[in-house]
Amino acid sequence: MEEQHYYQPEIETASREKIVEIQNEKIKKQVKHVYENVEYYRKLMDEKGVKPEDIQTIDDIKKLPFLTKADLREAYPYGLLGTDLKNCVRIQSTSGTTGKRVVAFYTQADIELWEECCARAIVAAGGTKDDVCQVCYGYGLFTGGPGLNGGSHKVGCLTLPMSSGNTERQIQFMMDLKSTILCCTPSYAAYIGESLADAGYKPEDNHLKAGIFGAEPWTEEMRRNIEKSLGIKAYDIYGLTETSGPGVSFECSEQTGMHINEDHFYAEIIDPDTGEVLPEGSKGELVFTSLDKEAFPLLRYRTRDICVLTRKKCSCGRTHVKMCKPMGRSDDMLIVRGVNVFPSQIETVLLNEGYTPNYQIIVDRANNTDTIDINVELSPEQFSDKVSETQAKEKALEGAMRTMLGIGPKVHLVPPKSVVRSEGKAVRVIDKRKLHD
Ligand code: ADP
Ligand code: ZN
């Protein structure tokens, strides 16, 4: 087993009883705080007939009403604020991947706890004060840059606040300043790997040892691809603006799911249709309660991310519950001819069949039937001028897709560098049906 380091060992390896004790204590205080300060949520509790006194332990959380993205939009901008605006020091905002942006507020204490969570993630990936941490998540309203930047400072790494984009400069600094940890979206990591190879570097030429990649879904196949092209170990990190940002959960050396920082965020899995809480190991919608955030204290927030939780003992020594890689959001799921299709299933097939992670899915409707087309980029080595060869490969890939998805998409193999690269969150799907509706 690799030697383990923790940023906050007492809490990260605390016994289950200790964690529950912390949660019991915090939830009582938090519900009272929200009830007294957030009129919007007080109304929801009143409508459900729940009083703060009804919440005595963390298990009582089931009695509380859910919050949804629609609530956040309705309450925009100040409706869910848990403290006076003069106590807030920062706002961040969602990327707006699935609609109108959400604005989240932070007190200084909220920032501290968020950055501590990111510091835990960096240490779990092997980070120490000897490391050079290159942060190429976007800075600004997006939480990726500021979150990892703060965590990197806390660990004491030399922090390179690169933000995303300008890949040539990323590579120059990475090589000249000998970056050892890379933080960005997995799609950008793949692009950086590709650009390094194009510039004539081999994976062993860089000094990177680890990458902390998240903010969008990515498959195990994508992980292997990135680990190979950069010569690193790639760690997953998860979070959302509504709960603070990245660092709600993070991967450890075992790389079999992300430990949720349970002293700050309480996780539940529910049946998205009925709202019923499901037992450990069931697949369902992830719901988060922030146990101690002051400015934006969301209780039972429905993330729409589809996930599974597990309490199986982890070899890293951390005791916090683990979540699997989210299988995509419920809103990412495509329904094509009545069949549920996740873009991640398509990514799995492509990478297993030896194709690049550069692809785009186009869904449309023709003659009242859904159509699904996948543009898959060929690497220069795979590219061939022979039409018959290309057609045979397309047919083979269509067959593999049909086996995985249960429906047959049309595959188009396209020339190298023809699919647009992502510097932030990749846009994998174009659903043209929405334009016709
Ligand atoms: P937006 O909803 O506009 O994208 P955020 O930037 O706050 O706003 O994104 C949060 C969402 O990003 C999460 O709810 C989840 O769907 C996705 N996400 C974040 N990290 C990961 C990850 N490691 N794996 C899969 N999805 C992730
Ligand atoms: Zn672990």
**Q.** salt bridge (charged side-chain N to carboxylate O under 4.0 Å, His left out) evaluation trace for K18 with E10
**A.** CA-CA 10 Å; K18 179 74 195 159; E10 326 74 59; over 6 Å; no

Q) For the side chain to side chain donor-acceptor pair (under 3.5 Å) test, which of K233, Q4, H5 pairs with S253? A) Q4

(Q) As an exercise, state the distance from CZ of F265 to OH of Y301, rounded to the nearest 0.5 Å. (A) 13.5 Å

Q. Okay, side chain of E227, backbone of A234: is any donor-acceptor separation there less than 3.5 Å?
A. yes

Q: Look at the side chain of K48 and the backbone N and O of K63, then say whether any donor-acceptor pair between them is shorter than 3.5 Å.
A: yes

Q. Are P297 and Y41 side-chain neighbours, meaning at least one heavy-atom pair lies under 4.5 Å?
A. no

Q.
Nearest 0.5 Å, please: how far is CD1 in I171 from CD1 in I192?
A. 7.0 Å

Q.
For the CD1 atom of I58 and the NZ atom of K28, what is their distance to the nearest 0.5 Å?
A. 11.5 Å

Q | Side-chain donor-acceptor contact under 3.5 Å, Y76 with D71 | A | no

(Q) Looking at H320 and E262, would you say the former's side chain and the latter's main chain have a donor-acceptor pair under 3.5 Å? (A) yes

Q: May I have the step-by-step check of salt bridge (charged side-chain N to carboxylate O under 4.0 Å, His left out) for E377 and K417, ending in yes or no?
A: CA-CA 7 Å; E377 191 181 294; K417 311 284 179 204; 5.8 Å; no

Q | Pair Q255, Y235: side-chain N/O donor-acceptor within cut-off below 3.5 Å | A | no

(Q) Just verifying a value: how many Å separate D236 CG and C252 SG, rounded to the nearest 0.5 Å? (A) 11.5 Å

Q) Between OG1 of T303 and CD of E242, what distance do you get to the nearest 0.5 Å? A) 9.0 Å

Q. For residues Q172 and E168, is any side-chain donor paired with an opposing acceptor at under 3.5 Å?
A. no

Q | T159 versus S152, side-chain donor and acceptor atoms under 3.5 Å | A | yes

Q. Does the side chain of I27 reach to within under 4.5 Å of the side chain of T57, using non-hydrogen atoms?
A. no

Q.
Holding to ring-ring contact (aromatic ring centres under 6.0 Å, His included), I want the full list of residues that pass it with F142, two or more places apart in sequence or in another chain.
A. none

Q: Verify, without hydrogens or angle tests, whether R421 (side chain) and Y191 (backbone) share a donor-acceptor contact under 3.5 angstrom.
A: no

Q) If only atom types and distance count, is the side chain of N225 paired as donor or acceptor with the main-chain N or O of E221 below 3.5 Å? A) no

Q) Charged N to carboxylate O under 4.0 angstrom, R318 versus E12? A) yes

Q. Are the charged groups of K154 and E116 less than 4.0 angstrom apart, N to O?
A. no

Q. Do K322 and E251 sit within salt-bridge range, that is, some charged N less than 4.0 Å from a carboxylate O?
A. no

Q) Taking the side chain as C-beta and beyond, is there a heavy-atom pair between I335 and N340 under 4.5 Å? A) yes

Q: Start with the C-alpha gap between D46 and K51, add the side-chain angles, then the distance that decides, and say whether salt bridge (charged side-chain N to carboxylate O under 4.0 Å, His left out) holds.
A: CA-CA 7 Å; D46 287 345; K51 293 274 167 262; 3.2 Å; yes

Q. Taking 4.0 angstrom as the limit, do R433 and D370 come out as a salt bridge?
A. yes

Q.
Is any side-chain heavy atom of T289 closer than 4.5 Å to one of I61?
A. yes

Q: Keeping the roles fixed (side chain from S93, backbone from V102), state whether a donor-acceptor pair exists under 3.5 Å.
A: yes

Q: In plain terms, say whether E39 and K43 are close enough for a salt bridge, that is, a side-chain N and a carboxylate O under 4.0 Å apart.
A: yes

Q: Check T371 against R337 and note the closest heavy-atom contact, atom names and distance.
A: CA-NH2, 4.2 Å

Q.
Looking only at the side chains, is there a donor atom on one of N375 and H412 sitting less than 3.5 Å from an acceptor on the other?
A. no

Q | Under 3.5 Å donor-acceptor, D110 side chain and T107 backbone | A | yes

Q. In Å and rounded to the nearest 0.5 Å, what is the CD1 to CG distance from I232 to L182?
A. 6.5 Å

Which atom pairs, one a donor and one an acceptor, fall under 3.5 Å between side chains of residues 119-132 and the rest of the protein, sequence neighbours left out?
residue	atom	partner	partner atom	Å
R120	NE	Q8	OE1	2.7
R120	NH1	N261	OD1	2.7
R120	NH1	D263	OD1	3.0
R120	NH2	Q8	OE1	2.9
R120	NH2	D263	OD2	2.8
T128	OG1	D130	N	3.1
T128	OG1	D131	OD2	3.4
D131	OD1	T180	OG1	2.6
D131	OD1	K209	NZ	3.0
D131	OD2	T128	N	2.8
D131	OD2	K209	NZ	3.0

Q. Going through the checks in order, is the salt bridge (charged side-chain N to carboxylate O under 4.0 Å, His left out) test met by E25 and K29?
A. CA-CA 7 Å; E25 189 139 323; K29 273 202 359 236; 5.7 Å; no

Q.
Looking at Y106, is its backbone amide N or carbonyl O close enough to the side chain of E294 to form a donor-acceptor pair, meaning the two atoms are under 3.5 Å apart?
A. no

Q: Begin from the C-alpha positions of S187 and E216 and carry the test side-chain hydrogen bond (donor to acceptor under 3.5 Å, both in side chains) through to its verdict.
A: CA-CA 8 Å; S187 53; E216 64 182 2; 2.6 Å; yes

Q.
Could you tell me if the side chain of L351 sits less than 4.5 Å from the side chain of M222, heavy atoms only?
A. yes

(Q) Hydrogens and angles aside, do Y238 and D305 bring a side-chain donor and acceptor to less than 3.5 Å of each other? (A) yes

Q) Mind checking whether Y78 and F105 have ring centres under 6.0 Å apart? A) yes

Q | No-hydrogen, no-angle side-chain donor-acceptor test under 3.5 Å, S164 and Y139 | A | no

Q | Within-4.5 Å side-chain heavy-atom neighbours: P146 and R90 | A | yes

